[in-house]
Amino acid sequence: MSGHTAHESNRRREQWTWRDGLVIVSIVALGTVVAAVTNEDTGTSIPGCDSVESPGPPVRFNYGSAGEPGYDDPDYPWFSGPKATAMSDALLQSLPSDVEVVFASPSKSFEFAPIQNFRGASFPDGVDPIEFSGSTRASGAVSRGGQTADVSVQVRAWDQPVPPCLEGLVDRREHLANGTVLDIADFEDEVASDVGGERGVVAYLGDGSRVVASIDTSTETSTGTGPLLTMDELIGLATGPGLAVTAPVPDSTPPPMASCYTDSVNAGPPATRMDVDRLNQLLDTRWKDLGAAGVTLERPLGSLVPDDYGQGGVCERIVASTADGSSDVEISVGTAVPEPGETLTLPGSTAVTRLTDPYGSGDDTVRVVHPSGETVVVTQFVKSAGSTTAPPLTIEQLEFIATTPGLMLSAQ
């Protein structure tokens, strides 16, 4: 894994371009960072570069972080949940029409993640924690013409000068008429493998954005038809107007849905797009049948997605609101471990268990276990309450949702 260098602060901020932007730089909590010190000008000539500097020997150190980042960090006022959604929408629209995103969980389907903020963390002398912060990243696998590869895009605000080129990491620099500067790595395979198997571009946009688009050539399956994405197409992703930090966010754009998991003990085969579409249609119909007067959902009840933690099931976590308060409602379909509680066995040997908070908080769960072992779990976590303590949904309503006919991945 790679990271930043212990070097003079202002010089480091100017010089970290390709290693900071490409997947070569891997910021992993509680991980080891490999940093490289940048030397003085080498005299090497790279097309479009006024000066060229070379990476020096690596420096290793450990670091860690605690807590989950959020979308509304005051250190990064340009970024928010709705901004993340708008950027994801823009990125998907920028992909060539014949490129398909491989079906996966939101975090692996080009959803822009919260910005990691390491301000206040403990780092070795000479290493500025702010250098590890500031970027939001989206990634996913794409397929085209029988090939599949991983693509990553990173975006951050950039108020520094465009840095010198780094020898071995940039093979040309281009200056566009609109003021955008592109650092391009389009090496031959044997050279690209030395920098992590990446092809990509760093775009310094005129509005003060830095966008990095890269494709992992080590995961790219080859059919002899050329690269899955051309360099022009990668440049198109990086320079798309919807990714700029100053790009407006359409009104009523929702934030990304909160991460969810299935708590499965047996991952089994992954859910397909058709599976998820079918289950979501069932849930939308069930919500209409429920007729929960006065309850508003932030998004449709049918919002299931593949489990973010790779457990093989599907899940969702949405907000339900009334005039008196709100709650998170989590639905998962998988093979979760049974828990004790008040159990009712339905015809066909399906077991329904209610797990009620004895303190009456409304944090209640209904667990449905089918004879096949497939499990549906619906849980309500009360977030706030107003004039009454009644949660948005009663446990009877949670059970009505959990017992939706056909709400199983194995059902046809």
Side-chain angles (χ1 to χ4, degrees), residues 21-23 82-113 136-155 174 176-178 180 182 184-186 189 192 197-203 205 207 209-250 252-254 256-257 270-278 280-281 299-300 302-306:
L22 217 50
V23 179
K83 175 67 172 177
T85 299
M87 290 168 60
S88 294
D89 292 343
L91 175 58
L92 292 172
Q93 292 170 6
S94 296
L95 288 169
S97 59
D98 61 337
V99 171
E100 182 178 356
V101 177
V102 176
F103 188 62
S105 66
S107 65
K108 299 175 183 176
S109 301
F110 297 106
E111 178 181 273
F112 279 92
T136 175
R137 179 174 179 264
S139 62
V142 298
S143 63
R144 184 190 213 178
Q147 299 184 80
T148 301
D150 294 334
V151 172
S152 173
V153 175
Q154 296 183 32
V155 180
E174 296 182 1
L176 305 186
N178 63 3
T180 296
L182 305 175
I184 297 170
D186 198 11
D189 289 343
E198 300 290 335
R199 295 172 55 250
V201 58
V202 180
L205 308 183
D207 74 325
S209 305
R210 190 191 68 186
V211 183
V212 182
S214 63
I215 185 167
D216 186 350
T217 56
S218 67
T219 65
E220 189 173 36
T221 56
S222 176
T223 59
T225 58
L228 193 152
L229 291 178
T230 67
M231 182 51 64
D232 284 345
E233 289 168 338
L234 284 173
I235 291 173
L237 296 183
T239 57
L243 294 186
V245 298
T246 59
V249 178
S252 302
T253 300
M257 186 173 70
T272 66
R273 197 184 305 271
M274 291 181 61
D275 290 332
V276 174
D277 288 344
R278 174 178 59 81
N280 283 333
Q281 290 175 7
R299 63 189 76 228
S303 294
L304 293 170
V305 295

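Just so you know, residue 1 is the first one in the sequence shown, and it goes up from there.
- Annotation: side chain of L237 is not in contact with side chain of L243 (no heavy-atom distance under 4.5 Å).
- A distance of 9.5 Å separates CG in D150 from OG in S214, rounded to the nearest 0.5 Å.
- Contact record, T230 with R199: C-NH2, 4.0 Å, taken as the closest heavy-atom pair.
- Under a 3.5 Å cut-off, the side chain of S105 and the backbone N or O of P306 do not form any donor-acceptor pair.
- When all heavy atoms are compared, the tightest approach of A149 to L228 is N-CD1, 3.7 Å.
- Shown here for A238 and A213, the closest heavy-atom pair between the two residues is CB-CB, 4.0 Å.
- For the residue pair G200 and L234, the shortest heavy atom distance occurs at CA-CD1, 4.1 Å.
- Side-chain atoms of K83 come within 3.5 Å of backbone atoms of A247 as a donor-acceptor pair (strictly under, hydrogens ignored).
- Side-chain N or O atoms of D275 include one that pairs as donor or acceptor with a backbone N or O of T272 at under 3.5 Å.
- N280 contributes a side-chain N or O that, together with a main-chain N or O of L304, makes up a donor-acceptor pair within less than 3.5 Å.
- Of the residues listed (V202, T239, L205, V201), the one engaging V211 in a side-chain contact (heavy atoms from CB on, under 4.5 Å) is L205, and it is the only one.
- Formation of a donor-acceptor pair under 3.5 Å by the S94 side chain with backbone atoms of A90 is found in this model.
- The OG atom of S143 sits 13.5 Å away from atom CZ of F103, with the distance rounded to the nearest 0.5 Å.
- Heavy-atom minimum distance, P96 versus R144: CB-NH2, 3.6 Å.
- With salt bridges taken as basic N to acidic carboxylate O contacts below 4.0 Å, none links E111 and R137.
- To the nearest 0.5 Å, atoms CG (D89) and CZ (F112) are separated by 10.5 Å.
- Here the side chains of I184 and M231 are in contact, with some heavy-atom distance below 4.5 Å.
- Under 3.5 Å, the side chains of D207 and S209 contain a donor-acceptor pair of N or O atoms.
- Checked against V99 for a side-chain contact (heavy atoms from CB on, under 4.5 Å), the options V151, L229, L92 give a single hit: L229.
- With a 4.5 Å cut-off on side-chain heavy atoms, R299 and M257 count as touching.
- A donor-acceptor pair under 3.5 Å is absent between the side-chain atoms of T85 and the main chain of T253, judged by distance alone.
- Within the 4.5 Å cutoff, the side chain of V142 has no heavy atoms near those of the V102 side chain.
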